[in-house]
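Just so you know, these numbers come straight off a predicted model, no measurement behind them.
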Amino acid sequence: MKPLVKFLSLIFSLGFGSFGVHAQDYRAYGFLGIPSSARIYGLGGMNISTVEDNLNVTDQNPALLGPEMGGWLDLNYMRYIGDSNFAGVSFGRAAGDHGAWKAGIQYFGYGSIEETLPDGSVVGSFSPIDMSLSGSYAHDLSSRWRLGATVKMLYSSYDSYTAWAVGVDLGINYYDPDRDLSFSVVGANLGGQLKRFNNTAEGMPVDLRIGMTRGISNLPMRWSVTGYNLTRWRNGNGGFMKHVVVGLDFTPSDKFYISVGYNYKMRSDMKGHKRSILSGFSSGAGLSTSRFNVGVALAQPHTGATTLMVNLGLKLVDITR
């Protein structure tokens, strides 16, 4: 447990002491909570402990990145609520037998929005966007412990207002293949603004996340539970459950999976927005070979919106070093 203790000490010293105090209530850069992985989205939208050879599962935990993902290119697209469309690309490469890196770019477009005056008259339109340019590195501490870090340059443009920020994710993973057990801790979005919106300081959505995935004996299934927003606790209905996402994988082979997930906070947030019986639930499926993989995920936050995410992974080169 020594790697975990040292990691937690690092997380608190780097982020939660310096950034957590002045950013308790309002935090910008909410797009950082949107996954780019169909596998993760199908498991409820938040998962830091599912170990796979696919590059896209490292989205929320850089410690899941490994040399086995070298040479893979991953493309992702998400049709979100309204006219929102998100897309991105990432590439991984091994760094020796015990390390790997990944570079990626993610685009978030929210469609065209009317620009109005206080009296309601329309004077034009604008298209707000967010972008993230990231680089990740992971390295094995031992046969079962792996440490990873992601640095993200963030850009936002809303009409005539722009902002720049830098964020860092630090993750650690413990994986025991004999017991099909994975445990992870992530400190997400440590950092701050480099250029402010209209000279207004806004905090990063700093977060502590803890997750575990475990196989079910004699069944081709795995369950996952992830705790997130663990630095922000508020009283209210379903207080504890708003910090928990659960998921279940059915994996009859290493080439195919079906997943379902439940995110109580998503269902609770849609209470006043015509939520359906499916609000908070998500599902996904995927197929993989030695040369490519594809994954899809669906969710319906409320009756007027069905979201779709698609991932496509391609093995471009066979280099492992």
Side-chain angles (χ1 to χ4, degrees), residues 1-14 37 39-40 43 46-72 74 90-104 134-151 168-188 208-227 247 249 251 253-255 257 259 286 288-290 293 313 315 317-321:
M1 295 296 290
K2 288 184 179 180
L4 180 59
V5 173
K6 292 180 180 179
F7 177 77
L8 289 175
S9 299
L10 178 64
I11 290 295
F12 279 98
S13 63
L14 286 180
S37 165
R39 187 63 175 270
I40 302 305
L43 289 168
M46 180 66 65
N47 187 294
I48 62 172
S49 55
T50 293
V51 175
E52 291 289 341
D53 290 344
N54 293 341
L55 189 64
N56 56 45
V57 302
T58 68
D59 172 34
Q60 296 172 346
N61 184 2
L64 299 180
L65 178 65
E68 64 276 6
M69 302 172 191
W72 281 90
D74 183 70
S90 59
F91 178 75
R93 184 167 181 176
D97 293 327
H98 300 287
W101 62 261
K102 181 181 79 169
S134 65
S136 304
Y137 179 76
H139 192 82
D140 294 335
L141 301 177
S142 68
S143 61
R144 294 184 176 178
W145 289 94
R146 179 179 290 171
L147 185 68
T150 296
V151 178
V168 177
D169 295 345
L170 299 176
I172 190 169
N173 174 255
Y174 171 84
Y175 179 55
D176 182 350
D178 296 329
R179 293 191 294 163
D180 197 8
L181 170 66
S182 173
F183 176 79
S184 297
V185 179
V186 172
L208 174 65
R209 301 165 183 169
I210 300 175
M212 183 171 69
T213 298
R214 182 72 187 269
I216 300 176
S217 299
N218 302 319
L219 291 174
M221 303 179 75
R222 296 180 301 183
W223 58 265
S224 297
V225 59
T226 307
D249 270 323
T251 54
S253 75
D254 58 0
K255 300 182 183 300
Y257 75 86
S259 61
S288 64
T289 71
S290 61
N293 60 70
K315 183 74 169 181
V317 290
D318 288 319
I319 53 174
T320 58
R321 293 174 174 80

Margin query: Applying salt bridge (Lys or Arg N to Asp or Glu O under 4.0 Å) to Asp53 and Lys315, what does each step give before you reach the verdict?
Written below: CA-CA 12 Å; Asp53 290 344; Lys315 183 74 169 181; over 6 Å; no
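To the nearest 0.5 Å, atoms CG (Asn293) and CG (Asn56) are separated by 6.0 Å. With rounding to the nearest 0.5 angstrom, the CD1 atom of Ile48 is 9.5 Å from the CD1 atom of Ile40. Rounding to the nearest 0.5 Å gives a distance of 7.5 Å between CG of Leu64 and OG of Ser49. The line from CG of Asn61 to CZ of Arg209 is 9.5 Å long, rounded to the nearest 0.5 Å. Here the straight-line distance linking atom OG1 of Thr50 with atom OH of Tyr257 works out to 10.0 Å at 0.5 Å rounding. Here the CG atom belonging to Asp180 is positioned 8.0 Å from the CZ atom belonging to Arg214, to the nearest 0.5 angstrom.
Across all non-hydrogen atoms, the minimal contact from Thr213 to Ser224 is OG1-OG, 2.7 Å. Nearest approach of Leu170 to Ala149, heavy atoms of both residues: CD2-CB, 3.6 Å. When all heavy atoms of Arg146 and Gly66 are compared, the pair lying nearest together is NH1-CA, 3.3 Å. The two atoms that bring Tyr137 and Ala95 nearest to each other are CE1-CB, 4.1 Å, heavy atoms only. Contact between Arg222 and Glu52 at its shortest, heavy atoms only, is NH2-OE2, 2.6 Å. In terms of heavy-atom proximity, Ser184 sits nearest to Asn173 at OG-ND2, 2.7 Å.
Without hydrogens or angle criteria, Ser182 side chain to Tyr175 main chain gives no donor-acceptor distance under 3.5 Å. Between the side chain of His139 and the backbone N or O of His98 there is at least one donor-acceptor pair closer than 3.5 Å. Side-chain atoms of Thr58 do not come within 3.5 Å of backbone N or O of Leu65 as any donor-acceptor pair.
A salt bridge links Asp249 with Arg39: the distance from a Lys NZ or Arg NE/NH1/NH2 to an Asp or Glu carboxylate oxygen falls below 4.0 Å.
Counting non-hydrogen atoms of neighbouring residues, nucleotides and ligands closer than 6.0 angstrom, the CG atom of Asn218 reaches no more than 12 such neighbours.
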